[in-house]
Visitor: 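First the structure, which I've put down as structure tokens, then a few questions once you've had a look.
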Amino acid sequence: KNNVSFGFSFKELLETSGKKRALVWGRMLYEMSLCLKKKIPIVIFSGASKPSELVSKNVLLAFGELLGLRPEDSKKALSFVQGNVLKRIG
């Protein structure tokens, strides 16, 4: 309707540890439950700002599943960004 999506950055988890990581993880799980409930499109990305921070597609797929997505929805969350970028370029 409003052409809005919600993103989850894997880097956000990597940059934290201990209690702070637990808080970030809990917030992500809560936000995911809201997105699923309201049917908001979800985007999963590495959040890398340099090549050494990049993670594989399989890691991002597992991240999506841990957040509560089904495997097929996790794949859609990865391809959502790519598809929209290609639409804007083409």
Side-chain angles (χ1 to χ4, degrees):
K1 178 180 164 182
N2 293 329
N3 218 12
V4 175
S5 59
F6 194 89
F8 292 89
S9 170
F10 188 71
K11 183 179 177 182
E12 193 172 354
L13 276 181
L14 289 180
E15 290 181 335
T16 59
S17 62
K19 288 183 181 181
K20 179 141 173 108
R21 181 178 284 180
L23 290 172
V24 169
W25 183 247
R27 182 180 47 80
M28 286 181 167
L29 291 173
Y30 175 72
E31 290 167 345
M32 179 62 80
S33 69
L34 290 177
C35 288
L36 293 172
K37 185 177 180 180
K38 300 287 185 182
K39 298 183 180 172
I40 297 169
I42 296 162
V43 178
I44 295 174
F45 57 98
S46 69
S49 56
K50 50 188 172 186
S52 62
E53 296 173 346
L54 289 172
V55 293
S56 73
K57 177 183 173 184
N58 290 336
V59 168
L60 293 176
L61 289 171
F63 177 50
E65 290 179 40
L66 286 171
L67 285 169
L69 292 175
R70 296 177 307 185
E72 58 272 15
D73 292 333
S74 196
K75 286 180 185 176
K76 287 179 190 174
L78 284 178
S79 62
F80 182 78
V81 173
Q82 296 168 355
N84 285 338
V85 168
L86 291 175
K87 282 181 193 173
R88 282 186 273 171
I89 292 172

Visitor: Donor-acceptor pairs are to be reported for all side-chain atoms of residues 63-73 against protein atoms at under 3.5 Å, with residues two or more places apart or in another chain.
Guide:
| from | atom 1 | to | atom 2 | distance (Å) |
| --- | --- | --- | --- | --- |
| Arg70 | NE | Glu72 | OE2 | 3.4 |
| Arg70 | NE | Asp73 | OD2 | 3.0 |
| Arg70 | NH2 | Asp73 | OD1 | 3.4 |
| Arg70 | NH2 | Asp73 | OD2 | 2.9 |

Visitor: Sequence neighbours left out, what passes side chain to side chain donor-acceptor pair (under 3.5 Å) with Ser17? Give chain and number order.
Guide: none

Visitor: Taking all atoms of both residues into account, what is the closest heavy-atom pair of Leu60 and Ile44, and its distance?
Guide: O-CG2, 3.8 Å

Visitor: Starting from Leu29, can I reach Leu13 by hopping between I/L/V/M/F/W/Y residues whose side chains sit under 4.5 Å apart?
Guide: yes

Visitor: Identify the heavy atoms of Ser9 and Gly47 that sit nearest to each other, and give their distance.
Guide: OG-CA, 3.6 Å

Visitor: Mind checking the OH-SG spacing from Tyr30 to Cys35? Nearest 0.5 Å is all I need.
Guide: 10.5 Å

Visitor: With rounding to the nearest 0.5 angstrom, report the CZ to CZ distance, Phe45 to Phe10.
Guide: 12.5 Å

Visitor: According to side chain to side chain donor-acceptor pair (under 3.5 Å), who are the partners of Arg27, at least two apart in sequence or on a separate chain?
Guide: Glu12, Glu31

Visitor: Measure the NZ-NZ distance between Lys11 and Lys50 for me, rounded to the nearest 0.5 Å.
Guide: 7.0 Å

Visitor: When rounded to the nearest 0.5 angstrom, what is the spacing between CG in Leu14 and CZ in Arg21?
Guide: 6.5 Å

Visitor: Can you find a heavy atom in the side chain of Ile42 that is under 4.5 Å from one in the side chain of Leu36?
Guide: yes

Visitor: Rounded to the nearest 0.5 Å, what separation is found between the OG1 atom of Thr16 and the CG atom of Leu23?
Guide: 9.0 Å

Visitor: Does one hydrophobic cluster hold both Leu54 and Val43, with members joined at side-chain heavy-atom distances below 4.5 Å?
Guide: no

